[in-house]
Amino acid sequence: MKVVKTIPELKLALQDGRRGLVPTMGAFHEGHLSLMRAARAECTQVVVSLFVNPTQFGAPDDLERYPRDEERDARLASEAGVDVLFAPSADQMYPNAFGTWVDVEATGGEASTRPGHFRGVATVCLKLFNLVRPDVAFFGQKDAQQVGVLRRMVRDLDVPVDIRVLPTVRDADGLALSSRNALLSDGERRQALALPRALEAGRDAPDPVEAARAALNGLNPEYVELLRVGDATLLTAAARIGSTRLIDNVVVKGELA
Ligand code: AMP
């Protein structure tokens, strides 16, 4: 596996053939690795980007607290069969006088509670799509609304990439894997379990939002909402546990294919 840190190095590392891109912010877990393995299974060249994208964070302390372990990430990516790990600096991605943004219309869920978040996500993903020119890019259902935003962007702006979505990988007790889980204390992690349990309780209920809210076990959610992403209806929720913000969702109807 080649580790490249600059755009010129990345360009030199790209090869002909079917190229897959897995955009990430690092601190790899099985969720990330499942995307890398899926890319490995269907592409001739697998590129993973590792970039903690400052423009998608609201509060600066959230960005600073975000877990980072690039050495471990490089080892895990290499073991998953990744060909190129692109780990640029913020200066590479946002040089001086950067001033162009992709603003995809979106409402509800993360769009309403994290203003500017999807602008940062869409902008960095379009840059990555232009730099890597992947045939297919792999994303997790864990961030289902992000998938909806990116599908809309590639359709509206005619970006020639397939957006593939893979199921949320969970710990044995149901908690969705997230880089942010590393920030939870043992007690907070136990509290966090109310999130997937509430979504499970809501999934088949006549009123999913009400049933999920009732099962939150004292957890104070930022939102519990039904959200349409493509043909699928998702029950989605966000909650802060201590100073860590977690999100999760389940499909209530349709398929997020
Ligand atoms: P992140 O590093 O958190 O930006 O995530 C990078 C990619 O991994 C995104 O497409 C996420 O949706 C995906 N991802 C994160 N957590 C999981 C998970 N538990 N299961 C599947 N995919 C995930």
Side-chain angles (χ1 to χ4, degrees), residues 20-41 46-58 62-63 65-70 72-74 76-77 80 82 85-88 93 109-110 114 117-129 132 134 136-151 153-154 161-184 189 192-193 195-196 199-200 227 229-230 232 234 236-238 244-251 256-257:
L21 170 67
V22 183
T24 81
M25 300 205 300
F28 294 156
H29 50 62
E30 274 300 315
H32 298 113
L33 298 178
S34 72
L35 304 183
M36 295 177 204
R37 291 188 198 114
R40 180 71 285 160
V46 177
V47 180
V48 170
S49 61
L50 192 177
F51 181 58
V52 184
N53 176 34
T55 66
Q56 71 188 69
F57 284 80
D62 188 28
L63 173 63
R65 255 167 51 90
Y66 200 83
R68 291 168 171 86
D69 192 345
E70 208 180 305
R72 176 177 174 272
D73 286 349
L76 292 175
V82 170
L85 183 65
F86 175 50
M93 295 301 277
E110 296 298 284
R114 299 182 75 189
H117 172 66
F118 284 131
R119 186 178 86 144
V121 169
T123 302
V124 82
C125 283
L126 184 60
K127 284 173 67 72
L128 290 167
F129 294 163
V132 176
V136 50
F138 296 80
F139 294 88
Q141 187 201 315
K142 160 82 177 2
D143 300 278
Q145 199 178 4
Q146 167 172 283
V147 170
V149 164
L150 294 176
R151 285 208 165 130
M153 176 185 80
V154 303
V161 63
D162 268 353
I163 302 286
R164 192 68 45 83
V165 53
L166 279 107
T168 301
V169 178
R170 298 177 181 279
D171 263 336
D173 58 10
L175 188 67
L177 297 186
S178 162
S179 303
R180 286 193 165 90
N181 292 355
L183 303 171
L184 300 170
R189 200 190 171 292
L193 273 181
L195 197 58
L199 294 173
E200 270 310 310
L227 208 72
V229 177
L234 303 163
T236 174
T244 305
R245 188 175 182 279
L246 299 180
I247 60 171
D248 199 354
N249 68 76
V250 293
V251 175
L256 193 74

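Numbering starts at 1 and runs along the sequence shown. Counting convention: from 1, in listed order, for ligands and their atoms alike. None of the values given here were measured: they were computed from a predicted structure.
- Scanning the protein for heavy atoms near atom 6 (C) of ligand 1, the closest one is Pro23 O, 3.4 Å.
- Under 4.0 Å from ligand 1, the heavy atoms of Pro167 that appear belong solely to its backbone.
- Each of the atoms 19 (N), 20 (N), 21 (C) of ligand 1 lies under 4.0 Å from some heavy atom of Thr168.
- Scanning both residues, Leu21 and Pro134, for their nearest heavy atoms gives CB-CB, 3.7 Å.
- Looking at Leu177 next to ligand 1, an N or O pair under 3.5 Å apart turns up.
- Distance from atom 15 (C) of ligand 1 to its nearest protein heavy atom, with residue and atom name: His29 CE1, 3.9 Å.
- At least one side-chain heavy atom of Val52 sits less than 4.5 Å from a side-chain heavy atom of Phe57.
- The option from Gly140, Ala137, Gly26 that lies nearest to atom 9 (C) of ligand 1, judged by heavy atoms, is Gly140.
- Counting protein heavy atoms only, atom 11 (C) of ligand 1 is closest to Asp143 OD2, 3.1 Å.
- Counting only heavy atoms from C-beta outward, the side chains of Ser34 and Phe138 never approach each other to under 4.5 Å.
- With a 4.0 Å cut-off on non-hydrogen atoms, Leu35 touches ligand 1 through its side chain and not its backbone.
- Side-chain atoms of Val154 and Asp162, non-hydrogen and from C-beta on, never get closer than 4.5 Å to each other.
- Counting heavy atoms from C-beta on, the side chains of Lys127 and Asn53 never come closer than 4.5 Å.
- The atoms of ligand 1 that sit less than 4.0 Å from any heavy atom of Thr24 are 2 (O), 6 (C).
- Scanning all protein heavy atoms for the shortest distance to atom 20 (N) of ligand 1 gives Val169 N, 2.8 Å.
- Contacts between Tyr66 and ligand 1, counted as non-hydrogen atom pairs separated by less than 4.0 Å, involve the side chain only.
- Looking at Ala27 against ligand 1, nothing comes within 4.0 Å, counting heavy atoms.
- Residues His32 and Ser179 form a side-chain contact, since some pair of their non-hydrogen atoms from C-beta on lies under 4.5 Å apart.
- With a 4.5 Å cut-off on side-chain heavy atoms, Glu30 and Asp171 do not count as touching.
- Residues Arg114 and Ile247 form no side-chain contact, since every pair of their non-hydrogen atoms from C-beta on lies 4.5 Å or further apart.
- At a heavy-atom cutoff of 4.0 Å, ligand 1 is contacted by the side chain of His32 but not by its backbone.
- In this structure, the side chain of Arg151 engages the main chain of Ile163 through a donor-acceptor pair within 3.5 Å.
- By the 3.5 Å distance cut-off applied to N or O atoms, Met25 is counted among the residues near ligand 1.
- Neither the backbone nor the side chain of Glu30 has any atom closer than 4.0 Å to an atom of ligand 1 (non-hydrogen atoms only).
- The side chain to side chain donor-acceptor pair (under 3.5 Å) check on Glu110 picks up Tyr223, Arg245, with sequence neighbours excluded.
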